[in-house]
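In what follows, every chain begins at residue 1, and chains take the letters A, B, ... in the order their sequences are listed. Computed from a predicted model, the values in this text were never measured in an experiment.
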There are 2 protein chains.
Amino acid sequence: MNVTGHTRRPASIRDVASAAGVSYQTVSRVINGHPSVKHSTRERVLAAIDELGFRRNATALALASGRSRAVTVLTANTTHYGYASILQGVEEAARAASYAVGIGVLESAEEAAVAAEVRRAADAGGGLIVIAYDPAGVGALAAVPAELPVVGVVETPAAPPGGDRPWVWTDDREAAHAVTRHLLSLGHETVHYVAIPSSTRRTSARTTGWRQALREAGAPEPRPLQGNWGPAGGHRAGRKLAQDPSVTAILCGNDDLALGVLRALHENGRSVPGDVSVAGFDDAPHSAYLTPSLTTARLDFTGLGRAAFALLHGVLEQSAPIAPHRVSVPELVVRESSGPPPAHV
Amino acid sequence: MNVTGHTRRPASIRDVASAAGVSYQTVSRVINGHPSVKHSTRERVLAAIDELGFRRNATALALASGRSRAVTVLTANTTHYGYASILQGVEEAARAASYAVGIGVLESAEEAAVAAEVRRAADAGGGLIVIAYDPAGVGALAAVPAELPVVGVVETPAAPPGGDRPWVWTDDREAAHAVTRHLLSLGHETVHYVAIPSSTRRTSARTTGWRQALREAGAPEPRPLQGNWGPAGGHRAGRKLAQDPSVTAILCGNDDLALGVLRALHENGRSVPGDVSVAGFDDAPHSAYLTPSLTTARLDFTGLGRAAFALLHGVLEQSAPIAPHRVSVPELVVRESSGPPPAHV
DNA sequence: CTGAAAGCGCTTACAG
DNA sequence: CTGAAAGCGCTTACAG
C-alpha cells in the first residue's frame, strides 16, 4: 500500500528508485545485498521499499536472471501417507529456503502421458523432485531431460546408483529384512508377503529384503501376493491367505495393505496375533490406534522430502556436488499385531 | 531437441521464426491461435515448432501478458485425508486446464506468519485457493488483498456468504445433522460429540448440525469435547467418555478422531456397537476396513477441489461471475460401528 | 559507489 | 495477412 492509497499496480523497482531519489539499478543492488552501496543510500532505499510495500516480482526475476527459486514435485499420488509426507517434507524445506513449490500428478504410467507431465513440470522453471516409487514415477525420472536439475526419491537401489543424478532413499530393503526377521524370531516357519506395486518390472526393494531374510533363515519362500496400494488390495490378498491354515505370519508392503489384511482375517475368523501375525510398513498415523495395533517399520518420509530438497537446492545453487545417499534407517515398531505362532501348527 | 543436436538453450519464438522464414510476431500469432494467419504460413510455423521442439516460455508469457495460468493452494496441512483430497481435486482440474499448481503450507495460525505465507503465495502469481477449515486458513483467507483472485474452501457458512468472493463448501452442517439423527433414531438418549478444531472462535458447522439435531429431538446437549485432528486427540477424548457409563453414542468430527475413540473404548472394555455406537466424518479410505467398520458421512473432497478450481478459473478468465455455492450433499454411510443402545441403559 | 544500456522471451497495440 | 516498436520488471555486464 502506498501513501496515496493506490494499490492498483504493485510498486516496481522504478517506483522505489524515484521515491528514494536513486536509479533503479541501485535499488536492484540493495535488494540483492550487493556490498558496494553507500550506507545512507541503502537506508533511503530500504525506507522507500518499506513505505511502498515493494516486493520483487518473481516472474521478472526468473526471466532476467534465468534462475527461479522454484521446485516442482512430480508424483503419482498426493493422498497416500508416504507420498503426502514426502511432499510435506519438501514443502517445509522449500519454504525455509524461500522456494516456491509446485506439484504435478502422474495420473497414468503410459509413456506419452508421463512425458507430457514432465514437460509441464519443466515449463514451470526451477528444479524437479520426482517420487519414483512406482512405474509412473520411474518413467518420469527417466524422461527428465539431462539439462534439467532433478532429484529422485527412490527405493533402495539394488546397486550403488551410478549416473550423475542425485537420489535419496530410506533403506526399505533393510527395513523389510528387519521386520521379516522379527516375525521369524517369534517362531514362525515362514512369512508371507503382500506387495505394493513394484517400481519397475523387477521386484521392489521391500520384496528383496523380505526374501533375503527368508533365505538367511532357510525358510520356505512363498510367492508374494500383489496388493496394490490401498486397503482394498490388502483385503483381497488377505482373503486368499485366510483360507490357508498354514499361514501364520504376513508382512504387508504398507500399513494400508495391512489394514485390509487384518479385516480379511477378522472376517474369516482368524485372530491376530493368536492365529496369524501381521506386520505393515510406513507407520502411518492410524497404525498405532488400530485394534490390534500394528507392528510396522517406521519410515521417515518427511525427512526424505527435506533431504531431497536439500540436494536439489545444492544443485541449483551450484554448491559442491552432493552424492546420492541413504537418508535414514527405518525403525522396527513392535505392537500388538505380531506374536508367536499358535502352538498347534 | 533441434536438428544440430544442440540442446543448450531452449528454442525461442525467434528461433522458430527464422526457421520458418517469418517474423517472430507471426509465430506469436500462431501459438496464440490468432485467426489472421495465412494457412500456408501457419503450417510452416507449426512445422518449425515441431522440429525445434519449441515450448512457449511460461515465465516470459506471464511477464508480458500479466496473466499466469497458475494457482496456489494455501492450506494448514497436506497429509490429512480431507485436505489432501481437496488438493488432489484442484490438481486434477488445474491439469485439465493447463494450469500450474503450487502449494503453500500455513504452519502457524499466528497472524504475522499467515500474512507472510499469503504474500509468498501472491508472489507466485496467478490465483489462490485457500482451505479455510481451521484458524490458520480462515486467517489466510482474510489476509488476501482485495485485488487478488481467490476462492475459499470453507465450512458451511452460518448465513449465505455475503462479500464479493467466491466460496465453495459441502454441507457438513447437514451431514452432522443427518448422522446425529441416525444415532438418535437407533434409540440413543443423546449423542456425545468429539470436535475437530473449529475454524473460528465460534463453533464449527459440524458442531452446529449436531446440536441442532439434538434440539429437534429434545435430547440433552452434552458439552462437546475438543479432539484436535488426529487419532491421538480422539484417543484422549475417548478415554474420558469411556469412564461415563451413560455414554452410548459418540459422533466424531472426523474419521481419525473416531479411530482414536474406538481404540480408547476397546482399551476400557466397552464394546462397539454393543455398549457404545461411534460415528465419524469424511469416509476416509481406511474407515470401511476398520473392525468394527465405521459409520460415517461421506464428503466429496476431490469434487470440492475441482469446484474450487472451476470457480477460480472463471474469475481469472473473466467469464461471468459465479456465485458461492454448495458443491455437494454428503452421504450417510451406515456400517458396523453404530447400533441400538444396550438394553440395560 | 552509482548510473545508462542491453537483454531475458514473450505480448500488445500500431502500422501497412 | 504480416512486420517493426515498445514494454512487462527485473538482472547483468559495462562505464565512470
*OP1 or OP2 of C:dT11 sitting under 4.0 Å from any side-chain N/O of B:N32?*
yes
*Could you say whether B:R29 or A:A64 is positioned toward the 5' end of DNA chain D, judged by the nucleotide with the nearest heavy atom to each?*
B:R29
*Compare the minimum distances between each of C:dT11, D:dC1, D:dG9 and the side chain of B:S65, then state the nucleotide with the smallest one.*
C:dT11
*For A:T59 and D:dG9, is the shortest distance between a side-chain N/O and OP1 or OP2 below 4.0 Å?*
no
*Testing B:D134, B:T75, B:T78, B:N77 for side-chain hydrogen bond (donor to acceptor under 3.5 Å, both in side chains) with B:Y83, which one passes?*
B:D134
*Is a side-chain N or O of B:N32 found less than 3.5 angstrom from the main chain of B:R29, in a donor-acceptor match?*
no
*Would A:R67 and A:E317 pass as an ion pair if we require N to O under 4.0 Å?*
no
*May I ask which nucleotide in the shown strands pairs with C:dA13, Watson-Crick or G-U wobble, both distances under 3.5 Å?*
none
*Touch check for A:L61, heavy atoms < 4.0 angstrom, all strands: base, sugar-phosphate only, or nothing?*
sugar-phosphate
*Look at the side chain of B:L63 and decide which nucleotide, out of C:dC10, D:dC8, D:dG3, has an atom nearest to it.*
D:dC8
*May I have the distance from A:I13 (atom CD1) to C:dA4 (atom P), rounded to whole angstrom?*
13 Å
_Can you confirm whether or not the ring centre of A:F309 sits under 6.0 Å from the ring centre of A:Y99?_
yes
*Which nucleotide in the list D:dC10, D:dC1, D:dT11 gets nearest to the side chain of B:K38?*
D:dC1
